[in-house]
Amino acid sequence: MSLQQEIIARLGVKPEIDVEEEIRKRVDFLKEYVRSAGAKGLLIAISGGIDSAVATGLCKQATDELSAETGREYKTVGVFQPYGEQADIADSYAVAKAFALNYQVETNVQEAVDEIALEVEYGLKSIGVHQHVSRGGKGNIKARTRMVMQYALAFELGLIVVGTDHASEAITGFFTKYGDGAVDITPLSTLNKRQVRALAAKLGVPQSILDKAPTAGLWDGQTDEAELGITYDDNSAYLEGKKIDPVAQDKLEKQYLKTEHKRAPIPGI
């Protein structure tokens, strides 16, 4: 078995999908998890990107169906988490409007993130290291602070925290450990980016979201493809078992091997 075949098998990506079938399967997965957990619904952080938009659509359909089937209210709570002024925050609210979310919460993470970063700098100074927290380090603080807030809200409301990670992120390790990677369930995990886009179009994600360059939003001007040096077209094609440019394949496989610690269980002895 080639490394490509091994990766595809591990991540569970299909070479082709039936979009309606995939939506139905993922909505049913969410419904069953909520039922088995005895939860009151689902919580999803809406970043304004396509992944969280698709997850929001799936969550809302799941809780609407549960409410209709049981006669009791199940809710999807959308959480907006800007750091200070977020230029594209309107896109997050557009997603909530498109899926008619009745429950929306905005928690600005700037003060908490800045305070943590400052305490880290004090800690570094105490061991003789005089430097500011790096851009990447602060990006990780943002991701982890957002998740702390999501879990605090979910605990108080009796909700399940839904993640937006998918196979195109998993293969590159393009997520923050204990940040956006720390969730209860991941309804998109066996889809690549191209397939996520296909679900988005079917679910009715706003066009402005479909047209955006994918970004983790951890610093100004950041985009996924520029940071990784790998296009999502190549990434998706690889996960569908297709041949891609050898340079892109080498870069993708090296990234996969380098980030194995993000996908593996916590080691112990």
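Residue numbers run from 1 in the order of the sequence given. We use all heavy atoms of the structure for the numbers below, so side chains are in, but hydrogens, waters and symmetry mates are not. Bear in mind the structure is a predicted one, so any value in this text is a computation, not a measurement.
Taking the centre and axis of the six-membered ring of Tyr33, the NZ or CZ atom of Arg35 falls outside the cone set by 45° and 6.0 Å. Cation-pi geometry between Arg263 and Tyr256 is met: under 6.0 angstrom from the ring centre, within 45 degrees of the axis. A cation-pi arrangement is present between Lys262 and Phe175 under the rule of less than 6.0 angstrom and at most 45 degrees off the ring axis.
Atoms CG and NZ, from Asp250 and Lys254 in turn, are 4.0 Å apart once rounded to the nearest 0.5 Å. Taking CG from Leu191 and OG1 from Thr186, the interatomic distance works out to 10.0 Å, rounded to the nearest 0.5 Å. Between the CD1 atom of Ile209 and the CD1 atom of Ile46 there is a distance of 10.0 Å, given to the nearest 0.5 Å. In this structure, CG in Asp211 is found 9.5 Å from CD1 in Ile50, a value given to the nearest 0.5 Å. Separation of atoms NE2 (His166) and CZ (Phe174) is listed at 10.0 Å; rounding is to 0.5 Å. Distance check: Leu43 CG to Ile160 CD1 gives 10.0 Å after rounding to the nearest 0.5 Å.
A distance-only check finds no donor-acceptor pair linking the side chain of Gln86 to the backbone of Tyr83 [under 3.5 Å]. Judged by distance alone, the side chain of Ser236 and the main-chain N or O of Arg194 form a donor-acceptor pair under 3.5 Å. Remark: the backbone N or O of Val109 is not paired with any side-chain donor or acceptor of Arg146 at under 3.5 angstrom. The main-chain N or O of Ala248 is never found under 3.5 Å from a side-chain atom of Asp234 such that the two would form a donor-acceptor pair. Within the 3.5 Å criterion, the main-chain N or O of Thr231 finds no donor-acceptor partner in the side chain of Asn235. For the pair Gln4 (side chain) and Lys242 (backbone), a donor-acceptor distance under 3.5 Å is present.
For the residue pair Gln195/Glu16, the side-chain donor-acceptor check at 3.5 Å is not satisfied. The closest side-chain donor-acceptor pair between Asn192 and Glu240 falls under 3.5 angstrom.
Val148 is not connected to Ile141 by any chain of hydrophobic side-chain contacts under 4.5 Å among Ile, Leu, Val, Met, Phe, Trp and Tyr, and they are in different clusters. A continuous path of Ile, Leu, Val, Met, Phe, Trp and Tyr side chains, each step under 4.5 Å between heavy atoms, connects Leu30 with Ile23, placing both in one hydrophobic cluster.
Not counting sequence neighbours, Glu6 has no partner by the salt bridge (Lys or Arg N to Asp or Glu O under 4.0 Å) test.
Residue pairs meeting the salt bridge (Lys or Arg N to Asp or Glu O under 4.0 Å) criterion with at least one member in residues 98-127, sequence neighbours excluded: Asp114-Lys138. Applying the salt bridge (Lys or Arg N to Asp or Glu O under 4.0 Å) test to every pair with at least one member in residues 89-105, sequence neighbours left out, gives these pairs: Asp91-Lys212.
The shortest distance between side-chain heavy atoms of Ile171 and Gln255 does not fall below 4.5 Å.
Considering Leu203, Ile44, Thr63, Leu42 as possible partners of Leu58, the one that fulfils the side-chain contact (heavy atoms from CB on, under 4.5 Å) test is Leu203. The one candidate from Glu69, Arg26, Gln61 that meets the side-chain contact (heavy atoms from CB on, under 4.5 Å) condition with Lys31 is Glu69.
Nearest approach of Gly163 to Pro187, heavy atoms of both residues: O-CD, 3.5 Å.
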